[in-house]
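To start, the structure itself, in structure tokens.
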Amino acid sequence: MKKTILASAIAAATFSGAALAQESNLPTVYGNIQYALTHNNVDGGSSDIAHNDNGSTIGVKHDHEIAPGITGFLKIELDGIDADDKSKGRGRIKLDEAYIGVKGDNFGQVWVGSDDSLYESTIDRIVNYYEVAKYNIGGSYTTGEGDLIQYMTPSFGGLKLGAAVQINGDGDAQSGGKSYPYQLAAIYSVDALTLAFAMDSNDGATSYSSSTAEAPKNNENTYGVRVAYAADAFGASLEYQTRKDAYDIVGVQGTYTLGKNVFALSYELAEADGVSGDAKMDTVALQALHNLSDNMYVYVEGNLAGGDDGVYGVANKSEASAVSVGATYYF
């Protein structure tokens, strides 16, 4: 694919100026291959070591000027490549992101399709920071990443407002009937400080897909707040998420950049609210990442987690640990 695009660009140089200008607006092809070797151990349970594809993707993106100050854009990305073992990859490649949109300085941007949801990108940042994230704790929200219409305003003195709705039509096997779950967000940034609030109506399903223990069945709203600070070398983030009859989740993370090295340390705690008694789980995550070049990095990542009865598939209060060594090449 890269060679085809390069050949097209070279051939365009032999045409007229108008043809050259048209060919110069080629789409960008990007991708990555990610490998991770992980040792996982659960006290009273299993212990194993595995070599896995950690989310290799390939994608295309493009944008163009519709009118002065107005830009149209597109992105499509595929994952599930299973780059670690070709015998597993047959028929497993699937869509990760696909959307089109329009943006402008005066009205913000609107985009339609499959993408990270507004709540996820605004609040649920710690679990998405890590590469393997074996025992990191995701938030309790259900609105998915497909069939979305999302909008973000331009900045008003550092304040941005966002809204998203998922068009589910006649619903799905879980929810039944029509459902239009929605999300709202507000992000305020000034200098190195960011304050964010978001909510998810959770109207599209009867349970949530989270890494926390037993999933409750309710459609209560999820609310989340995040406070983040980012200086030249140091970064810090505090997240709090709550959902009635589900889980209260708090997480704190610090990062430090030293030359080509980035270090991260976080702590997350999930505590049941009306389900599974007083079930709790927590995890400490540590990562050391080294940038070998502009296109390649390696890392070591670890989790030490604890949970109540049944959290890791074993009886009684248990602990789990995981250590991963990985590498990513991207272009």
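- With contacts defined as side-chain heavy-atom distances shorter than 4.5 Å, the pair Val42/Tyr135 qualifies.
- Atoms OG and CG, on Ser140 and Asn202 in that order, are 7.0 Å from each other to the nearest 0.5 Å.
- Between Ala285 and Asn303, the shortest heavy-atom distance links the atoms CB-ND2, 3.4 Å.
- Under the 3.5 Å distance criterion, the side-chain polar atoms of Glu301 are matched with a main-chain donor or acceptor of Ala133.
- For the pair Glu239 and Arg226, the salt-bridge criterion is not met [side-chain N within less than 4.0 Å of a carboxylate O].
- Under the 3.5 Å distance criterion, the side-chain polar atoms of Asp203 are left unmatched by any main-chain donor or acceptor of Tyr180.
- Hydrophobic cluster membership differs between Tyr99 and Val110, with clusters built from Ile, Leu, Val, Met, Phe, Trp and Tyr side chains linked at under 4.5 angstrom.
- Nearest approach of Ile126 to Gly251, heavy atoms of both residues: CD1-C, 3.5 Å.
- With a 4.5 Å cut-off on side-chain heavy atoms, Tyr141 and Met199 do not count as touching.
- Thr38 and Ala322 get closest at one heavy-atom pair: CG2-CB, 4.5 Å.
- By the 30° and 60° cut-offs, the orientation of the rings of Tyr223 relative to Phe197 is parallel.
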Please walk me through it: do Asp105 and Ile70 pass side-chain contact (heavy atoms from CB on, under 4.5 Å)? CA-CA 8 Å; Asp105 295 335; Ile70 301 177; over 6 Å; no
Between Asp282 and Glu268, is a side-chain contact (heavy atoms from CB on, under 4.5 Å) present by the stated rule, with each step listed? CA-CA 5 Å; Asp282 62 355; Glu268 297 166 276; over 6 Å; no
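- In this structure, Ser117 and Gly144 approach most closely via the heavy-atom pair CB-O, 4.0 Å.
- Between the CD atom in Glu319 and the CE atom in Met281 there is a gap of 12.0 Å [rounded to 0.5 Å].
- When side chains are defined from C-beta on, Leu286 does not count as touching Val284, because their heavy atoms never get closer than 4.5 Å.
- Contact of the Asp63 side chain with the Lys103 side chain is not registered, since no non-hydrogen atoms from C-beta on lie closer than 4.5 Å.
- Glu145 has its side chain within reach of Glu120: a pair of non-hydrogen atoms, C-beta onward, lies under 4.5 Å apart.
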Where do Ser266 and Asn136 land on the side-chain contact (heavy atoms from CB on, under 4.5 Å) test, with the steps shown first? CA-CA 9 Å; Ser266 66; Asn136 289 98; 4.2 Å; yes
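- By the neighbour-count criterion of 12 heavy atoms within 6.0 Å, atom OH of Tyr267 is densely surrounded, having more than that number from other residues, nucleotides or ligands.
- Side chain of Asn261 to backbone of Thr257: no donor-acceptor contact under 3.5 angstrom is found.
- Summarising the geometry, atom CD1 belonging to Ile66 is positioned 7.5 Å from atom OG1 belonging to Thr71; distances are rounded to the nearest 0.5 Å.
- Tracing side-chain contacts under 4.5 Å through hydrophobic residues (I, L, V, M, F, W, Y), one never reaches Leu159 starting from Ile123; they form parts of separate clusters.
- In this structure, the separation between CG on Leu292 and OG1 on Thr328 is 10.5 Å, given to the nearest 0.5 Å.
- Proximity of Tyr330 to Thr57: side-chain heavy atoms (C-beta onward) are nowhere separated by under 4.5 Å.
- Of the possible donor and acceptor atoms, none in the side chain of Asn291 sits under 3.5 Å from a partner among the backbone N and O of Tyr297.
- For the atom pair CD of Gln241 and CG of Asp200, the computed distance is 10.0 Å after rounding to the nearest 0.5 Å.
- Atom CD of Gln34 and atom CG of Asp53 lie 7.0 Å apart (nearest 0.5 Å).
- Using a distance-only test at 3.5 Å, with no hydrogens or angles considered, no donor-acceptor pair links the side chain of Gln253 to the main chain of Ser237.
- In this structure a side-chain-to-backbone donor-acceptor pair under 3.5 Å is missing from Tyr247 to Ala279.
- Put simply, the side chain of His62 gets close to the backbone of Asn25: a donor and an acceptor are under 3.5 Å apart.
- Taken together through direct or relayed side-chain contacts under 4.5 Å among Ile, Leu, Val, Met, Phe, Trp and Tyr, Leu269 and Val227 form parts of separate hydrophobic clusters.
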List the steps, then state whether side chain to side chain donor-acceptor pair (under 3.5 Å) holds for Asp248 with Thr242. CA-CA 4 Å; Asp248 295 331; Thr242 184; 2.5 Å; yes
Go through it in stages, so that I can follow the logic: the residues are Leu289 and Phe263, the test is side-chain contact (heavy atoms from CB on, under 4.5 Å), and I'd like the CA-CA distance, side-chain angles, deciding distance and then a yes or no. CA-CA 6 Å; Leu289 183 149; Phe263 304 95; over 6 Å; no
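- Residue Tyr130 is grouped with residue Val262 when hydrophobic side chains (ILVMFWY) are merged at heavy-atom distances under 4.5 angstrom, including chains of intermediate members.
- Judged by distance alone, the side chain of Ser121 and the main-chain N or O of Leu118 form a donor-acceptor pair under 3.5 Å.
- Taking the side chain as every heavy atom from C-beta outward, Pro27 and Lys61 never approach each other to under 4.5 Å.
- No close placement of the Tyr256 and Phe234 rings is indicated, their centers lying 6.0 Å or farther apart.
- Closest heavy-atom contact between Ser114 and Asp147: OG-N, 4.4 Å.
- In this structure, Asp48 places its CG atom where more than 12 heavy-atom neighbours from other residues, nucleotides or ligands lie under 6.0 Å away.
- Tracing side-chain contacts under 4.5 Å through hydrophobic residues (I, L, V, M, F, W, Y), one never reaches Ile49 starting from Val325; they form parts of separate clusters.
- Contact annotation: the side chain of Val132 approaches that of Asn54 to within less than 4.5 Å [non-hydrogen atoms, C-beta and beyond].
- Scanning all heavy atoms of the two residues, the minimum distance from Gln150 to Asp115 falls at NE2-CB, 4.0 Å.
- Checked against ring-ring contact (aromatic ring centres under 6.0 Å, His included), Tyr35 has the following partners two or more places apart in sequence or in another chain: His51.
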